[in-house]
Number of protein chains: 2
Amino acid sequence: MYTWCRKRDGITVEKSSSNTHAARAMIELRQRIFDGSLAGGTRLFEVPLAEELGISRTPVREAMSRLAEEGLLDRARGGGFVVRSFRYKDVVDAIELRGVLEGTAVRLAAERGVDSAALIRIHKTLLRLDRCFGPEPGDVDVESYREFNGVFHEELATLSGSDVVLREIDRVNRLPFASPTAFLPDRGYHPNFRLTLPANQAQHRAIVAAIEAREGARAEALAREHARAARTNLEYFMAEHSNLIGSVPGLALVMN
Amino acid sequence: MYTWCRKRDGITVEKSSSNTHAARAMIELRQRIFDGSLAGGTRLFEVPLAEELGISRTPVREAMSRLAEEGLLDRARGGGFVVRSFRYKDVVDAIELRGVLEGTAVRLAAERGVDSAALIRIHKTLLRLDRCFGPEPGDVDVESYREFNGVFHEELATLSGSDVVLREIDRVNRLPFASPTAFLPDRGYHPNFRLTLPANQAQHRAIVAAIEAREGARAEALAREHARAARTNLEYFMAEHSNLIGSVPGLALVMN
DNA sequence: TTCCGGCACCATGTATACATGATGCGCCGT
DNA sequence: ACGGCGCATCATGTATACATGGTGCCGGAA
């Protein structure tokens, strides 16, 4: 275990620790990309970065390489890395892509049949989501709902039984604004957002029911429409509530 | 420009040159994975590899990192890389995935509309594909057909106008057995295979027509079915012509 | 005989010095 | 004044030495 003192203006402002320097550099860079302090198109130079992080070039290269794998950096012609630019349309497309991939996962699950143990597990998750709702409308434990929603989508992707599809879903979900949880209501949201959650959960149940009924086309269509809700929220945010953009994880990096 | 002498049994057997050591190491490793000499699950150790390639560990790490990006290597827990295992079902799923992604690309193209210049270009490619057919049935210039088929699929993906979707299509196409050209008839194939090409080209035309007519659902379904032909060929190969497996690029790495 | 602890080795992680290639600027010549 | 050539500088590419941490084996003790 290493310890790490990052200096800014000669004064230690942060101390962090983790397994390796490369891992911490990766986390730090990812953070800076997500919060927008490293804008899209910015070229990353190894030497200044290494100096700033107080480590050598080697782990910096390692970190950048992994971030390229993650899709947050592009390799520049002639070497080096550039922060990937995400425009509004790219966010829309990434959400669309998630819908398509989740749709494929559930269609395959319906067509090929699913393991009964996995089915029991996802039903448990559905119940946990149900229990987030109180007796009154708008009475929702949003924090728990967010958590179990993430679990549900993970289990849904697993139901396909396809490692290839699962891997691609994980990939697109690593873009924070494309993940199933990205536009789910948070504490900071207007209470009215919570009123949309019952419909959300109804879609969850319909998807699982379609899978059990071996209705692949219906499952696929439902999953796509389910993802579409995220796009609706995105459009609402960008148009009328641009002040809330910062509260959606990773939306700050989007350029227009 | 470097030159590179790889030694085996102490004797120089190969000499290769390229821009960087890392690039050549990447090409060499990719080759070994594709032809099956590095089986899935094999762990790659930096030091022996570096010695064998006559370079230092640094470019070897760089090469492995890029191959992980490409999806041919997995990062092992606790560091290091392992050759990714592809089973028969993974090939099936990769082809399915390509169909889904190409379907999405053409659906988006139909729904959102396409640039007329791009449309003219792809029509030219369609004409070039037509010209590969001679007057007699089975009289096909398969080499040219392969080439223009690749161009066609590339242009088709571009029609979507979505960088996000295009990137994912490129990604899946890097798996050689999933690319649109993988199972297209080659010189070595039985002449009967050439009789399937007119139907193949008819699908190409139908997809473009659907896009022009803004029929997104039809375009998507056609593209999926078009990819499905590759799966049919795959099944045929594995079942009855396993001796031909080696002639399909990258199919040698598939384990059962 | 079995289990636990320590030691040794090996693979990766990290730092650093040096090499190389690209790029941009300035000078010189026309 | 303009254009081309060359040099200087900088960023990445590469090699290598050393650090670290995990793992497996061996020996001793219960």
Side-chain angles (χ1 to χ4, degrees), chain A residues 1-7 12 14-30 32 38 41-70 72-84, chain B residues 1-7 12 14-30 32 38 41-70 72-84:
Chain A
M1 189 78 91
Y2 299 75
T3 59
W4 175 36
C5 302
R6 184 161 64 84
K7 292 182 182 175
T12 299
E14 201 174 329
K15 190 172 195 168
S16 167
S17 75
S18 173
N19 274 335
T20 65
H21 287 163
R24 281 177 299 107
M26 188 170 73
I27 292 168
E28 172 73 20
L29 288 177
R30 192 197 284 120
R32 293 192 193 180
L38 277 177
T42 306
R43 172 141 185 196
L44 298 181
F45 297 102
E46 296 174 3
V47 177
L49 260 179
E51 280 173 6
E52 190 183 346
L53 299 175
I55 58 181
S56 78
R57 285 172 54 210
T58 311
V60 171
R61 283 168 74 89
E62 173 72 14
M64 293 197 295
S65 179
R66 286 181 184 233
L67 288 172
E69 221 169 303
E70 205 171 316
L72 295 179
L73 299 181
D74 285 325
R75 291 183 188 272
R77 53 149 191 104
F81 295 86
V82 173
V83 179
R84 182 171 169 191
Chain B
M1 187 76 90
Y2 299 76
T3 58
W4 176 34
C5 302
R6 184 159 67 82
K7 292 181 183 175
T12 300
E14 201 174 330
K15 191 170 193 170
S16 167
S17 76
S18 173
N19 274 334
T20 65
H21 287 165
R24 283 179 295 107
M26 189 170 73
I27 292 168
E28 172 74 18
L29 288 176
R30 193 197 283 121
R32 293 191 193 182
L38 277 176
T42 306
R43 172 141 186 196
L44 297 182
F45 296 102
E46 295 174 4
V47 177
L49 260 179
E51 281 173 5
E52 191 183 346
L53 299 176
I55 58 181
S56 78
R57 286 172 52 208
T58 312
V60 172
R61 283 168 74 90
E62 173 72 14
M64 293 196 295
S65 179
R66 286 180 183 234
L67 288 173
E69 221 169 302
E70 204 170 315
L72 295 179
L73 299 181
D74 286 325
R75 289 185 189 270
R77 51 149 194 105
F81 295 85
V82 173
V83 178
R84 182 170 170 193

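Just so we're on the same page: letters track the sequence lines, and every chain starts at 1.
- Residue A/Arg66 contributes atom CZ, which lies 11 Å from atom C1' of C/dT12 at whole-angstrom precision.
- Of the charged side-chain nitrogens involved, at least one lies within less than 4.0 Å of a carboxylate oxygen, so that B/Glu62 and A/Arg75 count as a salt-bridged pair.
- As rounded to whole Å, 12 Å separates atom P of C/dT14 from atom CE of A/Met26.
- Of the charged side-chain nitrogens involved, none lies within less than 4.0 Å of a carboxylate oxygen, so that A/Arg24 and A/Glu28 do not count as a salt-bridged pair.
- Separating the CD atom of B/Glu51 from the C1' atom of D/dA15 is a distance of 14 Å, rounded to the nearest angstrom.
- In the set C/dA15, D/dC18, D/dA15, D/dC18 carries the atom at the smallest distance from any side-chain atom of B/Arg57.
- With rounding to whole Å, B/Leu53 atom CG is found 12 Å from D/dT14 atom P.
- Side-chain N/O atoms of B/Arg77 include one lying less than 4.0 angstrom from OP1 or OP2 on D/dT23.
- Here C/dA22 presents its P atom at 13 Å from CZ of A/Arg43, a figure rounded to the nearest Å.
- Listed candidates were C/dT16, D/dA11, D/dT16. Nearest to the side chain of A/Thr58 is C/dT16.
- Residue contacts for A/Leu49: at a heavy-atom cut-off of 4.0 Å it reaches no nucleic acid atom on any strand shown.
- Remark: B/Ser56 is in phosphate contact with D/dA15, judged by side-chain N or O atoms under 4.0 Å from OP1 or OP2.
- Looking at heavy-atom distances under 4.0 Å, B/Arg75 makes no contact with the nucleic acid at all.
- Counting distance only, with no hydrogens placed and no angle test, the side-chain atoms of A/Arg61 and the base atoms of D/dG13 include no donor-acceptor pair under 3.5 Å.
- Rounding to the nearest 0.5 Å places CG of A/Leu29 at 6.0 Å from CG of A/Leu53.
- Atom CG of B/Leu67 sits about 6.0 Å away from atom CG of B/Leu72, to the nearest 0.5 Å.
- Considering only the side chain of A/His21, C/dT14 comes nearest among C/dT14, D/dT12, D/dA15.
- Where B/Glu46 and A/Pro59 each meet DNA chain C at their nearest nucleotide, the meeting point lying more 5' is that of B/Glu46.
- At whole-Å resolution of the value, CD1 in B/Ile55 and P in D/dA15 are 6 Å apart.
- One interatomic measurement links the two molecules: CZ of B/Arg24 to C1' of D/dG13, which rounds to 12 Å at whole-angstrom precision.
- To the nearest 0.5 Å, the span separating OG1 on A/Thr42 from CZ on A/Arg32 amounts to 11.5 Å.
- Rounded to a whole Å, the CZ atom of B/Phe45 is 6 Å from the P atom of C/dT12.
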